[in-house]
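Take a look at the following structure, please.
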There are 2 protein chains.
Amino acid sequence: MSPKERRSKIMESLATEGRVDIIQLSVVLNVTPMTIRRDFDVLEKQNKLIRTHGGAVPSQALIHEKTFELKSNISVQEKKMIAKHAVSFVSDGMTVLIDSGTTTLEIARLLKTHEQITVITNDIKIAAELMGSKLEVIILGGRLQTETGTLYGSLTENILKSIHVDLFFLGANAIHSSFGITTPTIDKSSLKREMIRTATETILVADSTKFNQKAFSKVCDLEDVSTIITDQQLSEELMEKYSELAEIIIAE
Amino acid sequence: MSPKERRSKIMESLATEGRVDIIQLSVVLNVTPMTIRRDFDVLEKQNKLIRTHGGAVPSQALIHEKTFELKSNISVQEKKMIAKHAVSFVSDGMTVLIDSGTTTLEIARLLKTHEQITVITNDIKIAAELMGSKLEVIILGGRLQTETGTLYGSLTENILKSIHVDLFFLGANAIHSSFGITTPTIDKSSLKREMIRTATETILVADSTKFNQKAFSKVCDLEDVSTIITDQQLSEELMEKYSELAEIIIAE
DNA sequence: CATTAATATGTTCTATATAAACATTATTAT
DNA sequence: ATAATAATGTTTATATAGAACATATTAATG
């Protein structure tokens, strides 16, 4: 039996029994108590259970897995796909900066079960999503845009100047082959620019509807991001056009 | 302190901190670990907590009952009363810093309808409450305590050093005539101290159950706050005792 | 297919927490 | 005041957790 299988069986027991005993599990699953302990360690880090003395109980996070709806033009499914590819760039020990947005929110959801990752964000909805997780979460301070939950302004930018991250997931309103990446307000573009500056690597996550669009204020050129992740709705024509400017990954 | 009181304090810690440690509790509550264990036994049988190795976490049942913390000691009504008196200190154009906490959350709720006020906070639940308002809201950055939604740490304190506010609403876990104001963790007390420092005036808001209590780490002396607002449950005896140390307002 | 690297599991040992039994101290009732 | 009861402290034995190391299994590579 694979570790994955065994852990799945542990979770099953946990769900049906309400609590499990290390010794009992070790007998049933034919492994030593130590192995069960190590399984508990793994599952606890994923917030799936709470270890007790001699056993474990289900975690509260597991009880109410509520996924509240997002409003968006593109299906959630596509954003989830993009997010799934995005998180494959993240590995243990990394410091990851996550921009505000709906696609980036999906990234945060997927990262929630990871371990050993520091997440930094300027979006309090992302922060809310990460409540209850075992991640190290840093919120950038700043002015709150009360309609969207985004933090921005000079305070936010100043804080960014004092930190550095390995990876930045950039969200975008508009992407254009010659105009580059643009946003509706100068504040936001200035902030995103600062975020790019402070990151070793920037990955742009944007669904296909954002391509060939331009907004008011320029963030950066396409050359400034290392990778673009988008969905399979991107036309062949656009795909070729943008491939010359940046590495494009189609999430499917 | 009676066993009932002590158990109530354990539950309070559990609600605010998310998890408690037997040794730390035994130090704070001045009893042996064995006594805490016996308290855990009692509380576990009442389904109020789950024992872990070396400590305890709140039971699932309690997590979902948001009312638990409020219902256990003092009614929401009393916190609302305190908040109502608190906001009378706020006038247009002011910059107000709001500490994390349930009473301070009520203050934020009342301020929501104001317009010409700048609110600064380290609590993302307060931030969430102020979403959609016309207020100028500033979130202090920092490390997120994912169980409670509180921001803290050196980053938070550094940001505080670069700003200044007119008024600070301080929340407290424990108030004692000789020990002053204390909190369960050093991180929190350090942050609160910095908040006090950066404010022209500090008002302590705390329901009557917080009086004559001590927690682990000292924030400041009672002389360091200009006013204390509490509820009418405060006994005559305590009222007189604390009146000598600070101006006390009974919200009724 | 053999060999290496990586992962998973088992074993042993030590530190720590738990739990039981008993002793002591507070509370309460009579 | 005294006895009875409850609460807490103390000591000791047992069990668990966790670290460190050894072994086995699986995956990856040439």
Side-chain angles (χ1 to χ4, degrees), chain A residues 1-14 17-59 87-94 113-117 134 136, chain B residues 1-14 17-59 72 174 184-185 212-216 235 237:
Chain A
M1 187 186 305
S2 76
K4 222 177 105 189
E5 264 185 277
R6 195 181 52 242
R7 280 164 204 153
S8 152
K9 276 187 170 294
I10 291 173
M11 290 315 298
E12 204 181 312
S13 272
L14 215 41
E17 299 297 312
R19 73 201 136 79
V20 290
D21 179 76
I22 288 190
I23 304 296
Q24 205 169 316
L25 279 176
S26 73
V27 171
V28 172
L29 300 173
N30 252 307
V31 288
T32 56
M34 192 67 223
T35 300
I36 303 294
R37 287 209 179 85
R38 283 191 266 245
D39 286 339
F40 279 9
D41 280 341
V42 171
L43 293 167
E44 188 175 43
K45 274 182 187 142
Q46 294 173 4
N47 249 356
K48 292 188 172 175
L49 56 73
I50 294 167
R51 299 189 60 175
T52 64
H53 189 76
V57 293
S59 81
V87 297
S88 71
F89 284 83
V90 179
S91 51
D92 273 12
M94 265 191 172
T113 52
H114 278 59
E115 12 177 318
Q116 306 279 47
I117 291 166
K134 287 269 160 62
E136 168 93 2
Chain B
M1 184 185 308
S2 76
K4 219 177 106 188
E5 263 185 276
R6 196 182 51 242
R7 281 162 204 156
S8 154
K9 280 187 87 63
I10 290 173
M11 290 315 297
E12 202 182 314
S13 270
L14 215 40
E17 298 299 310
R19 73 202 132 78
V20 291
D21 179 77
I22 288 190
I23 303 297
Q24 200 168 321
L25 278 177
S26 73
V27 171
V28 171
L29 300 174
N30 251 306
V31 290
T32 57
M34 193 65 225
T35 301
I36 302 293
R37 286 208 179 86
R38 285 192 264 245
D39 286 340
F40 279 9
D41 281 342
V42 171
L43 293 168
E44 190 172 42
K45 273 181 188 141
Q46 295 172 2
N47 255 333
K48 290 188 173 178
L49 57 75
I50 295 166
R51 298 189 61 176
T52 64
H53 190 73
V57 293
S59 75
S72 66
T185 69
N212 255 23
Q213 308 280 338
K214 25 183 184 168
F216 183 64
S235 71
E237 177 200 7

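This one's a predicted model, so the numbers in the text were calculated from it and none came from an experiment. No hydrogens, no waters, no symmetry mates; every other heavy atom, side chains included, goes into these values.
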Which pairs, with at least one residue in residues 18-32 of chain B and sequence neighbours excluded, count as a side chain to side chain donor-acceptor pair (under 3.5 Å)?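 Those involving residues 18-32 of chain B are T32(B)-T35(B).
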
Kindly indicate whether the side chain of I22(B), heavy atoms from C-beta on, has any atom under 4.5 Å from the side chain of P33(B).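 I22(B) vs P33(B): side chains touch.
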
Between dA8(C) atom P and L29(A) atom CG, what is the distance in whole Å?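 That distance rounds to 16 Å.
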
Rounded interatomic separation in angstrom, taking CG from L43(A) and P from dA8(C):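 From L43(A) CG to dA8(C) P: 13 Å.
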
Show me the pairs that pass ring pair (Phe, Tyr, Trp, His ring centres under 6.0 Å) and involve residues 27-57 of chain B, at least two apart or across chains.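 Ring pair (Phe, Tyr, Trp, His ring centres under 6.0 Å) check on residues 27-57 of chain B returns H53(A)-H53(B).
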
Mind calculating the distance between CZ (F40(B)) and C1' (dA19(C)) to the nearest angstrom?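 Going from CZ in F40(B) over to C1' in dA19(C) covers 15 Å.
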
Check the distance between dA6(D)'s C1' and D39(B)'s CG and give it to me in whole angstrom.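 For the pair D39(B) CG and dA6(D) C1', the rounded distance is 14 Å.
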
How many Å lie between CZ on R6(B) and C1' on dA26(C), as a whole number?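 Result: 13 Å.
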
Rounded (10°) bend between the five-pair end axes of the helix from dC1(C)-dG30(D) to dT30(C)-dA1(D):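 Taking five pairs per end, the axes differ by 30°.
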
Heavy atoms, side chains only, cut-off 4.5 Å: are L25(B) and K9(B) in contact?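 With C-beta onward as the side chain, the pair stays apart.
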
What I'd like to find out is whether the side chain of T52(A) reaches to under 4.5 Å of the side chain of R51(B), using heavy atoms alone.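 No, too far: nothing below the 4.5 Å cut-off.
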
Atom CD of Q24(A) and atom C1' of dT16(D): how far apart are they, to the nearest Å?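 Taking atom C1' of dT16(D) as the reference, CD of Q24(A) is at 16 Å.
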
Side-chain heavy-atom pair E5(B), S8(B) within 4.5 angstrom cut-off: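 The answer is no, as the side chains (C-beta and beyond) never meet within the 4.5 Å cut-off.
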
Separation of atom CG in D41(A) from atom P in dT9(C), rounded to whole Å: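 Interatomic distance, CG of D41(A) to P of dT9(C): 13 Å.
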
If the condition is side chain to side chain contact (heavy atoms under 4.5 Å, CB included), which residues does V27(A) pass it with, not counting sequence neighbours?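 Applying side chain to side chain contact (heavy atoms under 4.5 Å, CB included) to V27(A) gives none.
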
Quick one: I10(A) CD1 to dT9(C) P, roughly how many Å, whole number?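 Those two atoms, CD1 and P, are 10 Å apart.
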
Tell me which one of D39(B), V28(B), V42(B) satisfies side chain to side chain contact (heavy atoms under 4.5 Å, CB included) with I10(B).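 So, applying the side chain to side chain contact (heavy atoms under 4.5 Å, CB included) to I10(B) and each of D39(B), V28(B), V42(B), only D39(B) qualifies.
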
Holding to salt bridge (Lys or Arg N to Asp or Glu O under 4.0 Å), I want the full list of residues that pass it with E44(B), two or more places apart in sequence or in another chain.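 Applying salt bridge (Lys or Arg N to Asp or Glu O under 4.0 Å) to E44(B) gives none.
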
Produce a footprint string for nucleotides 10-18 of chain C: one letter per nucleotide, 5' end first; B if the base is under 4.0 Å from any protein heavy atom, S if only the sugar-phosphate is, - if neither. BB-----SB

